[in-house]
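Here is how names work: the chains are called A, B, and so on, in the same order as the sequence lines, proteins then strands, and each is numbered from 1. All values reported here derive from a predicted model rather than from experimental measurement.
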Protein chains: 2
Amino acid sequence: MKVHELARSEQVSAATIRHYVRVGLLQPRKGSNGYHVFAEPEQRRLRFIRQARGLGFTLEDIQTILQDAEKGQSPCPTVRQLIEPRLQQAREKLEAMQALVERMENAVASWQEQPDCQPCGDHICLLIEGSDHTEQNRGGDASHE
Amino acid sequence: MKVHELARSEQVSAATIRHYVRVGLLQPRKGSNGYHVFAEPEQRRLRFIRQARGLGFTLEDIQTILQDAEKGQSPCPTVRQLIEPRLQQAREKLEAMQALVERMENAVASWQEQPDCQPCGDHICLLIEGSDHTEQNRGGDASHE
DNA sequence: TGTTGACCTGAGAGTAAGGCTCAGGTTTAT
DNA sequence: ATAAACCTGAGCCTTACTCTCAGGTCAACA
Ligand SMILES: [Zn+2]
Ligand SMILES: [Zn+2]
Ligand SMILES: [Zn+2]
Ligand SMILES: [Zn+2]
């Protein structure tokens, strides 16, 4: 199996496989012509990497896990340990994305009723600067333009 | 105002301000000693940048917007146009994060009842490889270990 | 006046996970 | 023989910073 063949068979880009080879996650044999030769174990390894990526592990996590397995240890304790901070981070990112989408949607909605602002030196763009879109606008010098 | 003073007054890191200077988003005057001098307009500019970032614009988007405003044009049309793909991308990322967190939580939950796997040559880690955690496991050669 | 310590500068590298490009080697078919 | 198609490693690009570094500046104190 050459890079592109493996890539097709596992639904990843050849660039991704090259990247894994580069960082040492995959170690294919080299044929006499210099071409990479991927056999069964490498293919299973790639499948494993993709599954682990799908569960939020980083490539470095996966390195650690694979190294455990290669030393004949059960990687499970490492796996159970590594997923905790990843899950925590994923939850945080999820919340951040929820908040962001909400802010963006509120902004777009309120912009429908706002006219384009004209440059006047004391602001840059009122669509953006007047984005108290999460809190209710406290009545102040809002009648700016 | 020097970098650290501006940083404190606007709640960003000095490194961030340096970064903005480096990419041209901020163009402070230089004092005779070579130090940056941030005055009112630069401070408002920074505030604007932060608000735009909070709405999901990229630094490049913000460059474009600021350049509009500097040319005396109203940046609003650009703003309305630029936010669309950003919102789209944010929604996609949000969905991806929701799916990821769900997969991770399902995995962690099911792992509670799974024992650590022992290396046996035909798998790497069953916690990860047996992650049909989204679909129901179709009964097959599941009695592997 | 000398020196210390705090602050400042630009440049450069690092981050995660690949994507893209390049020059050059190989294979296959004409 | 030669051209098309494929392969290789190396290196730079992406985002929005963050960190590090060598060297310049400044205030205070002896
Ligand atoms: Zn105005
Ligand atoms: Zn505007
Ligand atoms: Zn087994
Ligand atoms: Zn395991």
Side-chain angles (χ1 to χ4, degrees), chain A residues 1-38 42 45-46 48-66 82 85-86 89-90 92-93 96-97 100, chain B residues 1-38 42 45-46 48-66 82 85-86 89-90 92-93 96-97 100:
Chain A
M1 266 215 184
K2 284 177 286 188
V3 168
H4 283 272
E5 293 166 353
L6 180 61
R8 263 189 300 281
S9 91
E10 295 294 327
Q11 314 269 39
V12 297
S13 76
T16 296
I17 293 178
R18 286 245 171 69
H19 182 62
Y20 293 166
V21 172
R22 181 149 30 173
V23 300
L25 273 173
L26 292 176
Q27 287 145 310
R29 290 182 300 111
K30 304 280 296 272
S32 56
N33 50 9
Y35 287 16
H36 291 307
V37 179
F38 296 91
E42 294 301 327
R45 213 174 155 92
L46 174 58
F48 180 81
I49 294 169
R50 291 272 101 192
Q51 285 171 330
R53 290 282 299 122
L55 284 176
F57 291 100
T58 69
L59 295 188
E60 200 177 354
D61 291 344
I62 298 170
Q63 271 289 28
T64 306
I65 293 166
L66 286 170
L82 285 175
R86 300 303 169 220
Q89 291 157 12
E92 284 166 13
K93 200 161 189 174
M97 289 309 299
L100 174 60
Chain B
M1 265 213 187
K2 283 176 288 188
V3 168
H4 282 273
E5 293 166 354
L6 179 61
R8 263 189 299 281
S9 91
E10 296 293 326
Q11 314 267 41
V12 295
S13 77
T16 297
I17 294 177
R18 287 242 171 70
H19 180 63
Y20 293 165
V21 172
R22 180 153 27 176
V23 299
L25 275 172
L26 292 176
Q27 288 144 313
R29 291 182 298 112
K30 306 280 298 273
S32 55
N33 49 11
Y35 287 16
H36 292 307
V37 179
F38 296 90
E42 294 301 325
R45 212 173 154 94
L46 174 58
F48 179 82
I49 293 168
R50 291 272 101 194
Q51 285 171 328
R53 289 284 298 123
L55 284 176
F57 292 100
T58 68
L59 295 188
E60 200 177 354
D61 292 343
I62 298 171
Q63 271 288 27
T64 306
I65 294 166
L66 287 170
L82 284 176
R86 300 303 169 220
Q89 291 157 11
E92 284 166 12
K93 198 159 188 174
M97 289 309 299
L100 174 60

Exercise for review: Taking only the side-chain heavy atoms of A:K2 (C-beta and beyond), determine which of C:dG19, D:dC7, D:dT15 contains the nearest atom.
Suggested key: D:dC7
Between atom [atom1] in [X] and atom [atom2] in [N], what is the gap in whole Å?
X     : N      : atom1 : atom2 : value
A:L25 : C:dA16 : CG    : P     : 13 Å
B:N33 : D:dC26 : CG    : C1'   : 9 Å
A:H36 : D:dC6  : NE2   : P     : 17 Å
B:M1  : C:dC8  : CE    : P     : 13 Å
B:I49 : D:dA16 : CD1   : C1'   : 13 Å
B:R18 : D:dC17 : CZ    : C1'   : 13 Å
A:H19 : C:dA16 : NE2   : P     : 10 Å
A:E5  : D:dA5  : CD    : P     : 17 Å

Practice item. Could you say whether A:Y35 or B:K30 is positioned toward the 5' end of DNA chain C, judged by the nucleotide with the nearest heavy atom to each? Key: B:K30
Need one value for [X]: base, sugar-phosphate or nothing, where a base atom within 4.0 Å counts as base even if backbone is also close, heavy atoms only.
X     : answer
B:R8  : nothing
A:V3  : sugar-phosphate
B:V21 : nothing

Point to revise | Presence of donor-acceptor pair under 3.5 Å, side chain of B:R22 and base of C:dG12 | key: yes
Check your understanding: Of B:V12, B:L46, B:V37, which meets side-chain contact (heavy atoms from CB on, under 4.5 Å) against B:L6?
Key -> B:L46
Exercise for review: Evaluate whether atom CD of A:E92 has more than 12 neighbouring non-hydrogen atoms of other residues, nucleotides or ligands under 6.0 angstrom away.
Suggested key: yes
Exercise for review: Return yes when atom CD of B:Q89 has more than 12 non-hydrogen atoms of other residues, nucleotides or ligands closer than 6.0 Å, and no otherwise.
Suggested key: yes
Review point. Does one side chain, of A:T58 or A:D61, offer a donor that lies under 3.5 Å from an acceptor on the other?
Key: yes
Review point. Quick one: is A:S13 getting a side-chain N or O under 4.0 Å of the C:dG19 phosphate, OP1 or OP2?
Key: yes
Practice item. Report yes if at least one side-chain N or O of A:T16 is closer than 4.0 Å to OP1 or OP2 of C:dA17; otherwise report no. Key: no
Check your understanding: Within a strict 4.5 Å, meaning less than it, do heavy atoms of the A:F57 and A:T64 side chains meet?
Key -> no
